[in-house]
Student: 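I am attaching a structure below and will ask some questions about it afterwards.
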Amino acid sequence: MKHGHAKKRYGQHFLHDPGTIDRIVRAIDPRPGDRLVEVGPGRGAITAPVLALAGRLDVVEIDRDVVPQLQMQCRGRGELNVHLADALEFDFRALRGDGPKLRLIGNLPYNVSTPLLFHFISQLDAFADMHFMLQKEVVDRIVARPGSKVYGRLTVMLAAACSAEALFRVGRGAFQPAPAVDSAVIRLIPHASDPFPLPDRARFARLVAAAFSMRRKTLRNSLRGLAGPEAFEAAGIAAERRPETLSPAEFAKLAAQPAPAPAGL
């Protein structure tokens, strides 16, 4: 395979439209002194202009074949630090060290965007903000309101971690090769303090995952063994409701109640 060709296994679609590139860079607004980190820089469409404005940039890239072209594209623009690694396994906390929080950017591959988002929020204290290009359908899910068909686990888990703002849509023609879907750019800013009390984050995550794994069922059925009648009553939530009708704060209220005792005890 020639260097710089898109690889299906990495879900690569390279951005090439100058207007879109400029719009994304302006949304990020890189400044000298910012600790910017780009995930999946590819051919450097965003990397080069961001590096020129910030003077320094770390990039996490899984595909070693694109690195020479990336380095050539960025030559003379500033200090580029390449980490040849899978972003899904990368330790962003270690990269931050005791320095300023990182500003994370990236055109996230469609095939792993959701696992990547969960990986990033598991290291949330490493980040000041995040700007991503994602499949438009994923952005729609992140900013969905309760009651919407696309409201789900991703919406609720990200709402507990960040404020989310959909910035603009990006058409298929902005990429090479053109993907089969539209894209959109989103800004995520970690909450300075929890938007609702979360005494047990692991229980909250389990409860949300269980509820949406059977989204057509009522909460009484989908949360059997995780939340009993007392929990619903204490949280003021009807057990007959379906998961997509609950706000993130209501899930948190339910998760704050003790789990039912195992049967037979």
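For this chain, numbers begin at 1 and follow the sequence in order. In this text, all values refer to a predicted model and were calculated from it rather than measured experimentally.
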Student: Ion pair present between Asp129 and Arg187, side-chain N to carboxylate O less than 4.0 angstrom?
Tutor: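 Salt bridge absent between Asp129 and Arg187.
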Student: Mind checking the CG-CZ spacing from Leu102 to Arg96? Nearest 0.5 Å is all I need.
Tutor: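 The CZ atom of Arg96 is 7.0 Å from CG of Leu102, to the nearest 0.5 Å.
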Student: Measure the spacing between NE2 of His119 and OG1 of Thr114 and express it to the nearest 0.5 Å.
Tutor: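 Rounded to the nearest 0.5 Å, the NE2-OG1 separation comes out at 14.5 Å.
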Student: Among residues two or more places apart or on two chains, list those pairs meeting side-chain hydrogen bond (donor to acceptor under 3.5 Å, both in side chains) that have a residue in residues 200-214.
Tutor: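 For residues 200-214, and leaving out neighbouring residues, the side-chain hydrogen bond (donor to acceptor under 3.5 Å, both in side chains) pairs sorted by first residue read Asp194-Arg201.
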Student: Nearest 0.5 angstrom please: Ile189 CD1 to His191 NE2, how far?
Tutor: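 So the gap between those two atoms works out to 10.0 Å.
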Student: Could you tell me which non-hydrogen atom of Ile24 sits nearest to which non-hydrogen atom of Ile46, and how far apart they are?
Tutor: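 Heavy atoms of Ile24 and Ile46 come nearest at CG2-CD1, 3.7 Å.
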Student: Should we say atom NZ of Lys101 is surrounded by more than 12 heavy atoms from elsewhere, each under 6.0 Å from it?
Tutor: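 Above 12, so yes.
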Student: Going by distance alone, is a donor N or O of one side chain under 3.5 Å from an acceptor N or O of the other, for Gln123 and Asp125?
Tutor: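 Result is no, nothing qualifies.
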Student: What I want to check is whether the side chains of Thr47 and Glu38 have a donor and an acceptor closer together than 3.5 Å.
Tutor: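 Their side chains do contain a donor-acceptor pair, which is all the 3.5 Å distance test asks for.
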Student: What's the shortest heavy-atom distance between Phe204 and Pro248, and which atoms?
Tutor: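 Looking at all heavy atoms of both residues, the shortest contact is CE1-O, 4.0 Å.
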Student: Take Glu244 and Lys149 through the salt bridge (charged side-chain N to carboxylate O under 4.0 Å, His left out) test and state the conclusion after the steps.
Tutor: CA-CA 8 Å; Glu244 71 272 12; Lys149 275 185 184 146; over 6 Å; no
Student: So how far is it from Ile237 CD1 to Leu254 CG, rounded to the nearest 0.5 Å?
Tutor: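 Reported to 0.5 Å precision, the distance equals 5.0 Å.
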Student: Using the test side-chain contact (heavy atoms from CB on, under 4.5 Å), find all partners of Leu116 that sit at least two apart in sequence or belong to another chain.
Tutor: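 Expected list: Ala87, Leu88, Leu108, Pro109, Val112, Phe120.
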Student: Would you say Arg31 has more than 12 foreign heavy atoms packed within less than 6.0 Å of its CZ?
Tutor: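 Atom CZ in Arg31 is not crowded, with 12 or fewer foreign heavy atoms closer than 6.0 Å.
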Student: Check whether any side-chain N or O of Thr245 sits under 3.5 Å from a backbone N or O of Arg241 as a donor-acceptor pair, and report yes or no.
Tutor: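 No, because the side chain of Thr245 does not come within donor-acceptor range (under 3.5 Å) of the backbone of Arg241.
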Student: Would you check if there is a donor-acceptor pair between the side chains of Ser183 and Tyr110 at a distance under 3.5 Å?
Tutor: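 There is such a pair between these side chains.
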Student: How far does CD of Glu79 sit from CG of Asp58, to the nearest 0.5 angstrom?
Tutor: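 Those atoms lie 7.5 Å apart.
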Student: With a distance cut-off below 6.0 Å to the six-membered ring centre and an angular limit of 45° from the axis, does Arg93 pair with Phe127 as a cation-pi contact?
Tutor: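 Because its charged atom misses either the 6.0 Å distance or the 45° angle limit, Arg93 does not stack over Phe127.
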Student: More than 12 non-hydrogen atoms from neighbouring residues, nucleotides or ligands closer than 6.0 Å to CD on Glu233, yes or no?
Tutor: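 Incorrect, the count does not exceed 12.
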